[in-house]
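First the structure, in the form of structure tokens, and then the observations on it.
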Amino acid sequence: MQSSSRAIVSNQSGPHRDLARRVARASASVWQRPPAQHTRAAFERAAAWLATTDKPLILDAGCGVGLSTRRLALAHPDHAVIGVDRSEQRLSRDHGELPGNALLVRADLVDFWRLAHEAGWRPARHYLLYPNPYPKSAQLKKRWHGHPVFPTLVALGGCLELRSNWAIYVEEFALAVEALCDRRGEWGAFQPEETFLTPFERKYAESGQTLWRYAVDLD
């Protein structure tokens, strides 16, 4: 069965002109709002689970229905994989039993990242797979690289990988990382080698859209 997905339409033709200012502002600011209690409780459960294993961590941020978490866990049996998403409805979809080295967590990702950083987590790998692109120019602050949490996301370190079907999002993200910590990763079009990590990845590919990937070693 062929999937159909519209290509992203934006009033931007290139990286946002306000990107550098947004990154600098986030870097210079101090976050005052305490994490939500429900996310704190979810993080504590995840931390307790992680403490039961001596495996390095893979963080699947914004994991949606959790299919990517399952596939990452199967592909990396020597790692502990934690998938985080805010939607109980998405996380409750049946995609089969979780591998023993995987955990799904319902939490606000912004607060989860902050708590992970405070706890000294250093994921070996950190995935952002097809985040909401918020393609309107006025929505830059909603993209992860334009959000106040961006410095915390980068400070977690590890091999960070972003995938998107919008080239501008990936290019902006790469520019933001370089501006923040002077690390230059690689980005470009790619084809999944064996299996699609997420339902979105499959849908975009089968619709004939170009998939884009950015990877950087933050350690």
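Basis for what follows: all heavy atoms, side chains included, without hydrogens, waters or symmetry-related copies.
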With [X], which residues qualify under ring-ring contact (aromatic ring centres under 6.0 Å, His included), at least two apart?
X	result
Phe196	none
His117	none
Tyr127	none

Q) Looking at side-chain heavy atoms only, is the closest gap between Arg143 and Glu172 below 4.5 Å? A) yes
Q) Would you say His76 and Asp78 make side-chain contact, with heavy atoms under 4.5 Å? A) yes
**Q.** Qualifying side-chain hydrogen bond (donor to acceptor under 3.5 Å, both in side chains) pairs, either residue in residues 210-219, two or more places apart
**A.** Arg122-Asp219
With clusters defined by side-chain heavy atoms of hydrophobic residues (ILVMFWY) lying less than 4.5 Å apart, directly or transitively, does [Y] cluster with [X]?
X	Y	value
Val110	Val177	yes
Phe150	Leu175	yes
Tyr130	Leu72	yes
Ile8	Tyr204	no
Ile58	Val65	no

(Q) I need the Leu129 CG to Leu162 CG distance, nearest 0.5 Å. (A) 8.0 Å
Q: Report the distance from atom CG of Leu103 to atom CG of Leu57, rounding to the nearest 0.5 Å.
A: 10.5 Å
Q.
Among residues at least two apart in sequence or on other chains, which ones pass salt bridge (charged side-chain N to carboxylate O under 4.0 Å, His left out) with Arg163?
A. Glu161, Glu201
Restricting to pairs with a member in [range], which pass salt bridge (Lys or Arg N to Asp or Glu O under 4.0 Å), not counting sequence neighbours?
range	value
residues 48-68	none
residues 183-192	Glu178-Arg184
residues 12-37	Asp18-Arg21, Arg33-Asp111

Measure across [X] and [Y] and return the closest heavy-atom pair with its distance rounded to 0.1 Å.
X	Y	value
Gln12	Gly14	NE2-O, 2.9 Å
His126	Ala61	NE2-CB, 3.9 Å
Asn101	Pro77	ND2-CA, 3.6 Å
Leu67	Pro199	CD2-CD, 4.0 Å

Q. What do the steps show when you test Arg114 against Val149 for side chain to side chain contact (heavy atoms under 4.5 Å, CB included), and what is the final call?
A. CA-CA 8 Å; Arg114 294 166 61 203; Val149 80; 4.2 Å; yes
(Q) Quick check on side chain to side chain contact (heavy atoms under 4.5 Å, CB included): which of Leu104, Val84, Val81 does Cys63 satisfy it with? (A) Leu104
Q) Checking side chain to side chain contact (heavy atoms under 4.5 Å, CB included) for the pair Leu218/Cys181: CA distance, chi angles, key distance, verdict? A) CA-CA 9 Å; Leu218 296 172; Cys181 64; 4.2 Å; yes
Distance-only donor-acceptor pairs under 3.5 Å for side chains of residues 151-160, two or more places apart:
none

Hey, can you pull the donor-acceptor pairs under 3.5 Å for the side chains in residues 131-138, sequence neighbours left out?
unit_1 : atom_1 : unit_2 : atom_2 : d
Asn132 : OD1    : Tyr134 : N      : 3.1
Ser137 : OG     : His16  : NE2    : 3.1

Q: Determine, using ring centers only, whether Trp121 and Trp113 are less than 6.0 Å apart.
A: no
Q. Taking it one step at a time, do Leu19 and His145 satisfy side chain to side chain contact (heavy atoms under 4.5 Å, CB included)?
A. CA-CA 8 Å; Leu19 178 64; His145 46 275; 3.7 Å; yes
Please tabulate, for the side chains in residues 35-52, all donor-acceptor contacts under 3.5 angstrom to protein atoms that are two or more places apart in sequence or on a different chain.
unit_1 : atom_1 : unit_2 : atom_2 : d
Thr39  : OG1    : Asp108 : N      : 3.0
Thr52  : OG1    : Trp49  : O      : 2.5

Q) With sequence neighbours excluded, what pairs up with Ser164 under the side-chain contact (heavy atoms from CB on, under 4.5 Å) test? A) Trp166, Tyr169, Val170
Q) Judged by atom type as modelled, is there a donor-acceptor pair below 3.5 Å linking the side chain of Ser92 to the main-chain atoms of Glu88? A) yes
Q.
Counting only heavy atoms from other residues, nucleotides and ligands, does the tally under 6.0 Å from CZ of Phe200 exceed 12?
A. no
Q. Can you list the steps and then say if Arg125 with Leu59 is a side chain to side chain contact (heavy atoms under 4.5 Å, CB included)?
A. CA-CA 6 Å; Arg125 296 172 180 266; Leu59 192 57; over 6 Å; no
